[in-house]
Asks: 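Sharing a structure below in structure tokens format, with a few things to ask.
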Amino acid sequence: MRVDGQVAAFHGIRDAETAGIAVITQEFALVDELSVAENIFLGRAPRRGLCVDWLAMHQRAAALLQDFGLAIPPETPVRALGIGQKQLIEIVRAMDKKSRILVLDEPTAALTEQEVEVLLTHLRRLRAQGTTCIYISHKLDEVFAIADRITILRDGSTIATLAAKEATIPLVIKHMVGREITDLFPRKAGRTEAGPAGAALTVRQLDVARAKGQPPFLRGISFELRAGEVLGFGGLMGAGRTELLMHLFGAWGHRIGGEVLLGGQPHAHPTPGASIRRGLVLASEDRRRYGLVIAQTIGFNLSLSSLKEFTRFGWKIDAAAEHVRNQHFFTSLRVKAPSQHTRAGALSGGNQQKVVLGKALMTGPSVVMLDEPTRGIDVGAKLEVYELINRLTAEGEAVILVSSELPELMGMSDRIIMLHEGAMGGEFDRAAFSQEKLLAAAMGQAHAA
């Protein structure tokens, strides 16, 4: 490796930073217990003598946040932020280091389209000032919007390097996957059932507060999800998509009013355990925090929500039966690892996502809620997730799909509901899908169509 033509060997992050290189990693490197300002200036806090100049730190942090259009007080604890806001704090911190070389690994995985455009504008400005950027992404529209040259990797090897102006998205995908892909969103109609028996999940006038005694954050949410259907949820960051799924699963919020029916029966006081027993599962957007025990094996994670199935005499786990069941999902989901005994933390993002999905599916659900299931994974892994969604609905399961990528949402959903500030901004059948209508609904400028 050479930097400015000279051989370089870094023994730690500090060596790279000294050489003028900053990295925005795919997984967050933030300290939840510290404030936004403290995280931005971690290891390089402004000082007045021997003491930290807190006033200068907060003023500088406020200016940086404002530059990115973020209305986040600098003193806010990072643990209080959503995953998309955390991603933006990582970006702000890296960009403020004024590095000559900026490496960005999936920097927009959790961002809305408007936030992506803000980031790309900043990157273009940095490029004009002489900063070199290495932009790692599976979102090819962003790659073509920002890159001068494109290098494609597959299975740890360089496949090709192309001039962006001479390349096309189909050509890049062919190099990434190793074959021609004619349909990026291969949605197939599911096995639906008419009448009351087909209603897998019914939500009526749901009002939910963040905590007891607070005003409702989710307001007047009503929809019906039918067996064999994919119902998409979209919206801007903070619209309430993740909160809605977490509440239905029993992991967030205090229900003020409304009704939830699961298979036609009330689901009044949900907990994750009760939801799983009744056939409702959630694959969280934050797989490392909520979806996996990173230090444990693939097999440990796959069966984690289904241990009762393998328990004998109330306490003893039938390891042989557990292994056989784990192997079925390990093989059918095509997890790329030597065996199910491989540590989950050693897997790529796409294979970690497969394990999260496998853990959910092993419970035998009738309703599967997928929160950003393709965040940070490559085109090949995305296609496998889409094929899995088709397989689930073909078997009669109902799927809720939350995605920040409108093409994905439109390509894989039978209906779409856009949320706006905790309320329903609009509901659309497949024939009425358009990016303009969906964005307008997300911004509160449209009603159900």
Asks: Measuring from atom OG of Ser303 to atom CD of Gln340, what distance do you get when rounded to the nearest 0.5 angstrom?
Replies: 8.0 Å
Asks: Quick one: does Arg93's side chain have a donor or acceptor within less than 3.5 Å of a partner on Asn39's backbone?
Replies: yes
Asks: Is the backbone of Ile159 close enough, under 3.5 Å, to the side chain of His175 for a donor and an acceptor to pair up by distance?
Replies: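 Answer holds: no.
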Asks: Identify, with sequence neighbours excluded, every residue that meets side chain to side chain donor-acceptor pair (under 3.5 Å) alongside Gln85.
Replies: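 Expected list: none.
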Asks: Using the salt bridge (charged side-chain N to carboxylate O under 4.0 Å, His left out) criterion, which residues pair with Asp67? Sequence neighbours excluded.
Replies: Arg125
Asks: Please list all pairs meeting side chain to side chain donor-acceptor pair (under 3.5 Å) that have one or both residues in residues 198-224, counting only residues at least two apart or in different chains.
Replies: Arg204-Glu259, Gln205-Ser222, Glu224-Arg226
Asks: If we ignore hydrogens and angles and just use 3.5 Å, is the side chain of Gln296 paired with the main-chain N or O of Val293 as donor and acceptor?
Replies: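 Between the backbone of Val293 and the side chain of Gln296 there is no qualifying donor-acceptor contact (under 3.5 Å).
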Asks: Does the pair Asp371 and Ser284 meet the rule for a side chain to side chain donor-acceptor pair (under 3.5 Å), with working shown?
Replies: CA-CA 5 Å; Asp371 193 356; Ser284 168; 5.5 Å; no
Asks: So, the side chain of Glu90 versus the backbone of Thr25: is there a donor-acceptor pair under 3.5 Å, distance only?
Replies: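 No, because the side chain of Glu90 does not come within donor-acceptor range (under 3.5 Å) of the backbone of Thr25.
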Asks: Treating Arg255 as the side-chain partner and Leu206 as the backbone partner, does any N or O pair qualify as donor plus acceptor under 3.5 Å?
Replies: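 A pair under 3.5 Å: no.
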Asks: For residues Gly299 and Glu322, report the shortest heavy-atom separation together with the two atoms involved.
Replies: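 In this case the closest contact between Gly299 and Glu322 is O-OE2, 4.5 Å.
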Asks: As a quick check of understanding, evaluate side chain to side chain donor-acceptor pair (under 3.5 Å) for Glu75 and His58, giving each step before the final call.
Replies: CA-CA 7 Å; Glu75 63 275 8; His58 281 84; 4.8 Å; no
Asks: Go through the side-chain N and O atoms of Thr393 and Glu229 and say whether any donor and acceptor fall under 3.5 Å apart.
Replies: no
Asks: Specify the closest pair of heavy atoms between Leu81 and Val36, including all atoms of both residues, with the distance to one decimal.
Replies: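 Answer, listing the atom of Leu81 first, then Val36: CD1-CG2, 3.9 Å.
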Asks: Carefully, step by step, assess Asp32 and Lys86 under the rule salt bridge (charged side-chain N to carboxylate O under 4.0 Å, His left out).
Replies: CA-CA 10 Å; Asp32 279 350; Lys86 288 182 178 180; 3.5 Å; yes
Asks: With distance as the sole test, does Asn351 use its side chain to make a donor-acceptor pair with the main-chain N or O of Val335 at under 3.5 Å?
Replies: no
Asks: Less than 3.5 Å apart, any donor N or O on the side chain of Ser306 or Glu309 sitting next to an acceptor on the other?
Replies: no
Asks: Taking the side chain from Thr271 and the backbone from Ala274, do they hold a donor-acceptor pair closer than 3.5 Å?
Replies: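 Yes, because the side chain of Thr271 sits within donor-acceptor range (under 3.5 Å) of the backbone of Ala274.
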Asks: Taking all non-hydrogen atoms of both residues into account, name the closest pair between Leu357 and Ala283 and its distance.
Replies: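 Taking Leu357 first and Ala283 second, the nearest heavy atoms are CD2-CB, 4.0 Å.
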Asks: I would like to know whether Ile146 and Arg124 meet side-chain contact (heavy atoms from CB on, under 4.5 Å); could you show each step before the answer?
Replies: CA-CA 7 Å; Ile146 196 70; Arg124 293 186 186 103; 3.6 Å; yes
Asks: Do Leu123 and Leu104 come close enough that some side-chain heavy atom pair is under 4.5 Å?
Replies: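 Yes; the side chains approach each other to less than 4.5 Å.
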Asks: Can you tell me which residue among Ile389, Val402, Leu245, Ile400 is in a side chain to side chain contact (heavy atoms under 4.5 Å, CB included) with Leu370?
Replies: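 Among the candidates, only Ile389 passes.
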Asks: Could you tell me whether His341 and His323 have their ring centroids closer than 6.0 angstrom?
Replies: yes
Asks: Is any side-chain heavy atom of Phe233 closer than 4.5 Å to a side-chain heavy atom of Ile416?
Replies: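 The answer is no, as the side chains (C-beta and beyond) never meet within the 4.5 Å cut-off.
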Asks: Using the salt bridge (charged side-chain N to carboxylate O under 4.0 Å, His left out) rule, take Arg79 and Glu33 through it: C-alpha gap first, then chi angles, then the decisive distance, then the call.
Replies: CA-CA 7 Å; Arg79 66 173 176 272; Glu33 289 71 23; 5.9 Å; no
Asks: Please list, chain by chain and in numerical order, all residues satisfying salt bridge (charged side-chain N to carboxylate O under 4.0 Å, His left out) with Glu384, sequence neighbours excluded.
Replies: Arg334, Lys354
Asks: What residue pairs, at least two apart or across chains, pass ring-ring contact (aromatic ring centres under 6.0 Å, His included) with a residue in residues 285-312?
Replies: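 For residues 285-312, and leaving out neighbouring residues, there are no ring-ring contact (aromatic ring centres under 6.0 Å, His included) pairs at all.
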Asks: Kindly indicate whether the side chain of Ile150, heavy atoms from C-beta on, has any atom under 4.5 Å from the side chain of Phe144.
Replies: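 Yes. Closest side-chain heavy atoms under 4.5 Å.
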Asks: Donor-acceptor pair, distance only, cut-off 3.5 Å: does the side chain of Asp429 make one with the backbone of Ala432?
Replies: no
Asks: Show the nearest heavy-atom pair for residues Met412 and Val230, with the distance to one decimal.
Replies: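 Heavy-atom minimum between the residues: O-CG1, 3.1 Å.
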Asks: For the side chain of Arg415 and the backbone of Glu427, is there at least one donor-acceptor N/O pair under 3.5 Å apart?
Replies: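 It does not hold such a pair.
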Asks: For salt bridge (charged side-chain N to carboxylate O under 4.0 Å, His left out), just list the numbers for Arg375 and Glu408, CA-CA rounded to whole Å, side-chain angles, deciding distance to a tenth of an Å, and then say yes or no.
Replies: CA-CA 11 Å; Arg375 183 178 73 86; Glu408 175 178 85; over 6 Å; no
Asks: Please determine, by modelled atom types, if Thr363 and Arg277 share a side-chain donor-acceptor pair under 3.5 angstrom.
Replies: no
Asks: Give the minimum heavy-atom separation between Leu248 and Ser275, together with the two atoms involved.
Replies: O-OG, 3.7 Å
Asks: Taking side chain to side chain contact (heavy atoms under 4.5 Å, CB included) as the criterion, tell me which of Val78, Leu30, Ile89 meets it with Ile40.
Replies: Ile89
Asks: Is there a donor-acceptor pair closer than 3.5 Å between any side-chain N or O of Thr76 and the backbone N or O of Ile72?
Replies: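 Pair absent, no side-chain N/O of Thr76 close to backbone of Ile72.
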Asks: If I compare all heavy atoms of Asn301 with all of Ala344, which pair ends up nearest, and what's the gap?
Replies: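 Minimum heavy-atom separation between Asn301 and Ala344: ND2-CB, 3.7 Å.
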Asks: For Arg60, give me all partners under salt bridge (charged side-chain N to carboxylate O under 4.0 Å, His left out), at least two apart in sequence or on another chain.
Replies: Asp96
